[in-house]
Amino acid sequence: MNLPFNVASHLDAALRASAALLGLTDRGFQPEVRVADPANGDFQANGALAFAKSEKQNPRALAQQIVDQLGQLDADFDINLAGPGFINFRLKPGALLGWLQAYDSEAHLQAGAASVRLGQTWLVDYSSPNTAKQMHVGHLRSAVIGEAICRLLAFSGARVIRDNHIGDWGTQFGKLIWAYKRHLDQAALASEPLEEFERLYKLGNSSAEADPAVLTEAQQELVKLQAGDAANLAIWHEINRASLAAFQEIYDQLGIRFDFTHGESFYNDKVERIYRELSEAGLARESEGALVVFHPEHPRFAKQPFLIRKKDGAANYASSDLATVLYRAEHFHADGIVVVTDYRQADHFEQLYLTARKWFAAKNHPLPELHHVTFGAVTGEDGKALKTRDGGTIRLKDLLHEAQERAFQLVSERSPDFPEAERREIAGVVGVASVQYADLSQNRSSDYVFAWDKMISLEGNTAAYLLYAVARIRSIFRKAGLDPAQPALAGATAPETAQEVALARKLVKFSDATLLATSTLRPHFLSLYLYELAGEFSAFYAADKVIVEDEVVRTRRLLLCHRTLVVLETGLHLLGLRTLERM
RNA sequence: GCGGGCAUAGCUCAACUGGAUAGAGCGCCAGACUACGAAUCUGGAGGUUUGGGGUUCGACUCCCUAUGCCCGCACCA
């Protein structure tokens with residue numbers, strides 16, 4: 001029989017069926033199938049251990065009983081027991097070949113993966129910079145991780161909505177508009193709008209500090225804006241338009257395109273309903289003039305309030321975020337919402353989701369899965385967080401530019417015979433991919449130590465290593481005179497040499513890597529897999545020559561090359577990276 | 001003060017959420033191109049997983065505790 005895209009799920013089903021025959025399922029038996037250390041097999045089932053423990057049985061004997069019921073599986077697997085009761089499954093070469101023949105393109109991999117979240121809608125809120133400000137290195141993580149998560153969710157079958165929740169509403173606009181009206185440099189606005197807005201804000205800020213009369217004027221500008229004054233609203237729109245255009249230049253380099261840009265201002269007219277519903281639900285109450293929510297059952301939030309309306313009656317980010325959750329649930333019918341921000345907002349989102357769950361239950365609103373995807377701070381080499389107002393922050397624009405310049409020097413060194421235009425294009429891909437991959441290859445929870453050399457380095461577990469593997473495979477196909485889009489590989493036989501088998505076994509586990517990365521919303525699991533796959537390929541490449549006289553051997557190896565190419569490219573695209581023909 | 005997070009090889013990071021002998025890269029040492037791209041590959045050295053206790057067939061992972069660093073905590077987001 002043909003193995004499905006996810007072989008582990010196939011084993012899981014078989015083990016459940018076997019356990020059911022033994023009457024174990026009702027008593028809580030779980031197979032616990034996972035990818036095994038290659039020395040032990042391809043997959044292992046650990047469930048017998050935990051179950052035997054709870055039933056006070058001999059785990060090894062129990063595992064043996066389960067295995068005895070697995071009859072037809074031994075066509076595809078070598079099955080054996082090990083240790084205290086591990087069940088090991090090793091794919092036979094013929095089964096490996098069958099899987100490789102079935103999953104021969106990005107489209108077929110996608111089709112195999114898409115059953116998990118078919119019919120679901122997921123909304124991902126990421127990047128979310130403030131308007132009128134440069135994006136700096138701290139904005140990189142949310143954008144890069146968020147985009148990878150979008151692609152992973154889409155790969156698992158979901159309809160994905162990308163929403164850029166920009167910070168386009170706040171007290172800073174009073175000072176900015178004050179300065180805009182008096183000191184705007186039209187030429188600077190046209191060429192470098194964000195620099196000009198930053199200059200104007202600083203000017204407005206320092207003027208207000210120096211002169212109380214200016215502060216009053218700035219506050220009045222803000223009041224006028226919030227009241228809908230036409231002139232101020234026009235300036236505000238201009239600021240947003242120019243900011244978004246500047247952001248999009250960066251998003252274009254990162255391969256990001258949002259479906260919606262519903263910033264904070266979008267929810268201005270939606271907060272009244274929040275106050276009303278939360279009060280009706282008995283969740284919100286007045287405290288020190290403000291409207292707040294306490295959670296008596298919670299160790300911290302019993303006393304630390306969730307402040308949803310300021311004492312002056314104005315909304316804040318809590319009210320705005322509550323309105324955002326409701327809008328996404330009602331308007332988009334989202335099954336899941338993912339918000340990608342740094343971990344310092346963890347308290348806020350815990351309070352937000354705690355409140356939303358109680359509120360939705362009280363009001364019978366359909367509740368989506370709510371996820372706050374956090375990531376560590378970007379720190380300097382001293383381990384301290386880089387802050388926006390520190391003089392030394394690195395602009396994202398400059399970072400990407402320098403990455404590409406460094407990549408260009410390297411490409412020119414390695415491939416001096418390529419035309420300059422092509423070297424530029426390669427450097428663009430390699431430079432940006434290096435920056436993205438540096439972020440995606442490590443667990444997002446940990447702090448990110450910012451260092452040029454580490455980020456742009458093209459050695460070890462880096463984008464360049466993976467792109468190089470892709471380029472080498474494409475080179476093989478050029479040499480063999482075959483089109484990797486439509487290779488003539490009919491009649492390919494099962495893997496034979498140690499390196500062929502190792503590579504084939506790794507390829508089959510692509511589905512487990514994407515599943516793990518998606519279910520945990522941690523793209524680094526996919527990065528790690530791709531790095532290991534590229535390593536297996538490199539070892540295979542060094543040991544087994546592909547383009548040989550013997551046609552059987554050649555076809556067999558070309559099949560492996562081709563599937564490696566497809567899986568590597570599919571995986572890199574899922575991470576949001578572009579790939580190359582040669583480099 | 002209250003609460004959260006982190007601590008793994010010299011350095012940067014993994015370890016599939018309680019599974020088998022804790023793995024990679026960089027750096028170091030020794031090898032491999034008149035072979036499809038050496039941005040590569042093959043070996044080697046390197047560990048009391050911050051210290052101390054506990055839970056169990058099994059702990060980097062869970063609990064307690066000590067230390068160190070980071071972060072949040074009433075009207076910024």
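In what follows, every chain begins at residue 1, and chains take the letters A, B, ... in the order their sequences are listed. Since this is a predicted model, take the numbers as computed values, not measurements.
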- Touch class at under 4.0 angstrom, heavy-atom based, for A:Asn46 against every strand present: base
- Please give, in whole Å, the distance from B:C73 P to A:Phe349 CZ? 14 Å
- Query: Tell me, for nucleotides 2-16 of chain B in 5' to 3' order, what letter each nucleotide earns: B for a base near a protein heavy atom under 4.0 Å, S for only sugar-phosphate near one, - for neither?
  - Reply: -S--------SSSSB
- Task: Given side-chain hydrogen bond (donor to acceptor under 3.5 Å, both in side chains), test A:Gln134 with A:His139 step by step and report yes or no.
- Result: CA-CA 10 Å; A:Gln134 294 275 342; A:His139 293 110; over 6 Å; no
- Message: Could you tell me how far B:U21 sits from B:U61 if I compare only their P atoms? Round to whole Å.
- Response: 16 Å
- Could you check how far CG of A:Asp550 sits from C1' of B:C36, rounded to whole Å? 16 Å
- Are the ring of A:Phe86 and the six-membered base ring of B:A20 within the stacking cut-offs of under 5.5 Å and under 30°? yes
- Answer yes or no: does atom CD of A:Gln65 have more than 12 heavy-atom neighbours from other residues, nucleotides or ligands under 6.0 Å? yes
- A:Phe51 CZ - B:G19 C1' separation (whole Å): 18 Å
- Judged by whether its glycosidic angle lies within 90° of 0, B:U17 is syn
- Using the test side-chain contact (heavy atoms from CB on, under 4.5 Å), find all partners of A:Ala314 that sit at least two apart in sequence or belong to another chain. A:Lys310, A:Asp312
- Message: What is the distance, to the nearest angstrom, from the CD1 atom on A:Ile426 to the P atom on B:G37?
- Response: 15 Å
- Item | Ring-face cation contact, A:Tyr275 with A:Arg309, 6.0 Å cut, 45° max | yes
- Could you work out the separation of B:G47 and B:A22 based on their P atoms and round it to a whole Å? 13 Å
- Under the 6.0 Å and 45° cation-pi test, does A:Arg582 pair with A:Phe418? yes
- Item | Nearest-nucleotide 5' precedence on RNA chain B, A:Gly83 against A:Glu532 | A:Gly83
- Message: With nearest nucleotide decided by heavy atoms, which residue, A:Asn40 or A:Asp312, maps closer to the 5′ end of RNA chain B?
- Response: A:Asn40
- Task: Quick one: classify the glycosidic conformation of B:C63 as syn or anti, with syn meaning within 90° of 0.
- Result: anti
- Using Watson-Crick geometry (N1-N3 plus N6-O4 or O6-N4) or G-U wobble (N1-O2, O6-N3), each under 3.5 Å, B:G1 is paired with B:C73
- Please give, in whole Å, the distance from B:C36 P to A:Leu482 CG? 18 Å
- Query: If you look at every strand shown and take non-hydrogen atoms under 4.0 Å, does A:Thr374 touch a base, only sugar-phosphate, or nothing?
  - Reply: nothing
- For residues A:Leu533 and A:Leu507, determine if any side-chain heavy atom of one lies less than 4.5 Å from a side-chain heavy atom of the other. yes
- Query: According to the interplanar angle, ranging from 0 to 90°, do the rings of A:Tyr529 and A:Phe510 count as parallel (below 30°), tilted (30 to 60°) or perpendicular (above 60°)?
  - Reply: tilted
- Note on the structure: Regarding the side chain of A:Asn316, the nearest nucleotide among B:C36, B:A77, B:A38 is B:A77
- Across the strands shown, which category fits A:Arg522 at heavy-atom distances under 4.0 angstrom: base, sugar-phosphate, nothing? base
- Message: How would you summarise protein contacts on nucleotides 57-63 of chain B per nucleotide, using B for base, S for sugar-phosphate only and - for none, with heavy-atom distances below 4.0 Å?
- Response: BB-----
- Query: Rounding to a whole Å, what distance do you find between A:Gln345:CD and B:C70:P?
  - Reply: 20 Å
- Message: Distance alone, cut at 3.5 Å: any donor-acceptor contact between the side chains of A:Asn443 and A:Ser446?
- Response: no
- Task: Return yes if some donor-acceptor pair links the side-chain N/O of A:Asn316 with the main-chain N/O of A:Ser319 below 3.5 Å, else return no.
- Result: yes
- Task: Select base, sugar-phosphate, or nothing to describe what A:Val548 touches, counting heavy atoms under 4.0 Å on all strands.
- Result: nothing
- A:Tyr327 ring centre to A:Lys270 NZ or CZ under 6.0 Å, with the angle to the axis within 45°? yes
N/O donor-acceptor pairs under 3.5 Å from side chains in residues 540-554 of chain A, not counting sequence neighbours:
residue: A:Asp544; atom: OD2; partner: A:Thr497; partner atom: OG1; Å: 2.6
residue: A:Asp550; atom: OD1; partner: A:Val552; partner atom: N; Å: 3.0
residue: A:Asp550; atom: OD1; partner: A:Val553; partner atom: N; Å: 3.4

- Query: Touch check for A:Ala471, heavy atoms < 4.0 angstrom, all strands: base, sugar-phosphate only, or nothing?
  - Reply: base
- Looking across every strand, which nucleic acid part, if any, lies under 4.0 Å from A:Glu413 by heavy atom: base, sugar-phosphate, or nothing? nothing
- Hey, is the side chain of A:Thr462 pairing donor to acceptor with the base of B:A39 inside 3.5 Å? no
- Looking only at atom P, what distance separates B:G23 and B:A32, rounded to whole Å? 29 Å
- Expressed as a whole number of Å, how far does the C1' atom of B:A66 sit from that of B:A7? 14 Å
- Query: Hey, does A:Asn88 reach any base, or is it just sugar-phosphate, or nothing, if we go heavy atoms under 4.0 Å?
  - Reply: base
- Item | Same-atom distance (P) from B:G25 to B:G44, integer angstrom | 12 Å
- Item | Qualifying residues under salt bridge (Lys or Arg N to Asp or Glu O under 4.0 Å), relative to A:Glu532, sequence neighbours excluded | A:Lys506
- Can you check whether A:Ser475 has a side-chain N or O nearer than 4.0 Å to OP1 or OP2 of B:G37? yes
- A:Leu410 has an atom CG; how far is it from atom C1' of B:A38, in whole Å? 14 Å
- Message: Using a heavy-atom cut-off of 4.0 Å across all strands, would you classify A:Ala543 as base, sugar-phosphate, or nothing?
- Response: nothing
- Is the phosphate of B:A38, meaning OP1 or OP2, less than 4.0 Å from a side-chain N or O of A:Arg472? yes
- Message: Show the nearest heavy-atom pair for residues A:Ala427 and A:Ala407, with the distance to one decimal.
- Response: O-CB, 3.6 Å
- Task: Report the distance from atom CZ of A:Arg554 to atom C1' of B:C36, rounded to the nearest whole Å.
- Result: 11 Å
- Query: Can you check whether A:Tyr317 has a side-chain N or O nearer than 4.0 Å to OP1 or OP2 of B:A77?
  - Reply: no
- Message: Under 4.0 Å, heavy atoms only, any strand: does A:Asp544 hit a base, just the sugar-phosphate, or nothing?
- Response: base
- Measure the distance between the ring centre of A:Tyr541 and the centre of the six-membered base ring of B:C36, then answer whether it is under 5.5 Å with planes under 30°. yes
Return the polar atom pairs (N/O with N/O) between nucleotides 25-35 of chain B and the protein under 3.5 Å, or none.
residue: B:A35; atom: O2'; partner: A:Lys545; partner atom: NZ; Å: 3.1

